[in-house]
Amino acid sequence: DTEVTQTPKHLVMGMTNKKSLKCEQHMGHRAMYWYKQKAKKPPELMFVYSYEKLSINESVPSRFSPECPNSSLLNLHLHALQPEDSALYLCASSGGGRGDTQYFGPGTRLTVL
Amino acid sequence: AQRVTQPEKLLSVFKGAPVELKCNYSYSGSPELFWYVQYSRQRLQLLLRHISRESIKGFTADLNKGETSFHLKKPFAQEEDSAMYYCALRAIQGAQKLVFGQGTRLTINP
């Protein structure tokens, strides 16, 4: 398996809902990433997990809560989001070394009503 | 601070014509530079990276440290090259954080 998979593909939620995004890879990668991509904008890094530990948090609001249950899985828990949080959320993974390429998933299209 | 600038939001050329997508960066150290591509309805994928010095799908890019540029070039454009192209930078010291440019949408006209 040489892909990063993300579920769900689309998600619509209200501002009071709690939902989770899921990312999975079976390439043996040890670093996993969450990016946010607004329409017609580049991806912006949110979080990085390295060897299952949070290594980078780009000052993301606490209504976004990442979780890395094991080396193959990465979750993003969502609570009390705002309409401006509507975006494409991308997951990526890499080997974990300094020169490693990041491989991206197809993304979850999130709409907050 | 790390910054990547792609001055052209849109670029349109005819099939068979040369293509150059511009990328300039600002970073005080020795960064690693990448080009990522996103074809219609496909995921973002790596096209090439400067340390590999390879040609992928006919594209090449040379890191010019003096001009802080990493322009993407192809001598003869093909219709299947139409896509969104992002230049990205990674600080060697930072290792994991990728900073993307705003992207250039390339359209190849028949």
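Here is the naming used below: chain letters follow the sequence lines, and residue numbers restart at 1 for every chain. Values below: all heavy atoms of this structure, side chains included; hydrogens, waters and symmetry mates excluded.
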Quiz item: Which heavy atom in B:Arg43 sits nearest to a heavy atom in A:Val4, and how many Å separate them?
Solution: NH1-O, 2.7 Å
Quiz prompt | Joint cluster assignment, A:Phe104 & A:Leu74, ILVMFWY side-chain distance < 4.5 Å | solution = no
Quiz item: So which part of B:Leu98 gets closer than 4.5 Å to some heavy atom of chain A, the side chain, the backbone, both or neither?
Solution: both
Quiz item: Is atom CZ of B:Phe76 surrounded by more than 12 heavy atoms (other residues, nucleotides or ligands) closer than 6.0 Å?
Solution: no
Self-check item: Common cluster, A:Leu54/A:Tyr89, ILVMFWY with side-chain heavy-atom separation under 4.5 Å
Solution: yes
Practice problem: Count the heavy atoms of every other residue, nucleotide or ligand shown that sit under 6.0 Å from CZ of A:Arg63, and state whether that count exceeds 12. | Solution: yes
Self-check item: Rounded distance [0.5 Å steps], CD in B:Glu32 versus CG in A:Asp100
Solution: 9.0 Å
Practice problem: Over all heavy atoms of both residues, which pair between A:Thr101 and B:Tyr36 is shortest? Give the atoms and the distance, please. | Solution: CG2-OH, 4.1 Å
Quiz prompt | Shortest non-hydrogen separation from B:Tyr86 to A:Lys41 and the atoms involved | solution = OH-O, 3.4 Å
Quiz item: Which region of A:Glu44, side chain (C-beta onward) or backbone (N, CA, C, O), has a non-hydrogen atom less than 4.5 Å from a non-hydrogen atom of chain B, or is it both or neither?
Solution: neither
Self-check item: Linked, directly or transitively: A:Leu21 and A:Leu88 (ILVMFWY side chains, under 4.5 Å)
Solution: no
Quiz item: Residue by residue, which of residues 100-110 of chain B have a heavy atom closer than 4.5 Å to a heavy atom belonging to chain A?
Solution: B:Phe100, B:Gly101, B:Gln102
Quiz item: With the 4.5 Å side-chain cut-off for hydrophobic clustering, are A:Met15 and A:Leu78 part of the same group?
Solution: yes
Quiz item: Once you round to the nearest 0.5 Å, how far does CG of B:Leu46 lie from OH of A:Tyr103?
Solution: 7.5 Å
Quiz item: Can A:Trp34 be reached from A:Leu90 by stepping across I, L, V, M, F, W or Y side chains whose heavy atoms are under 4.5 Å apart?
Solution: no
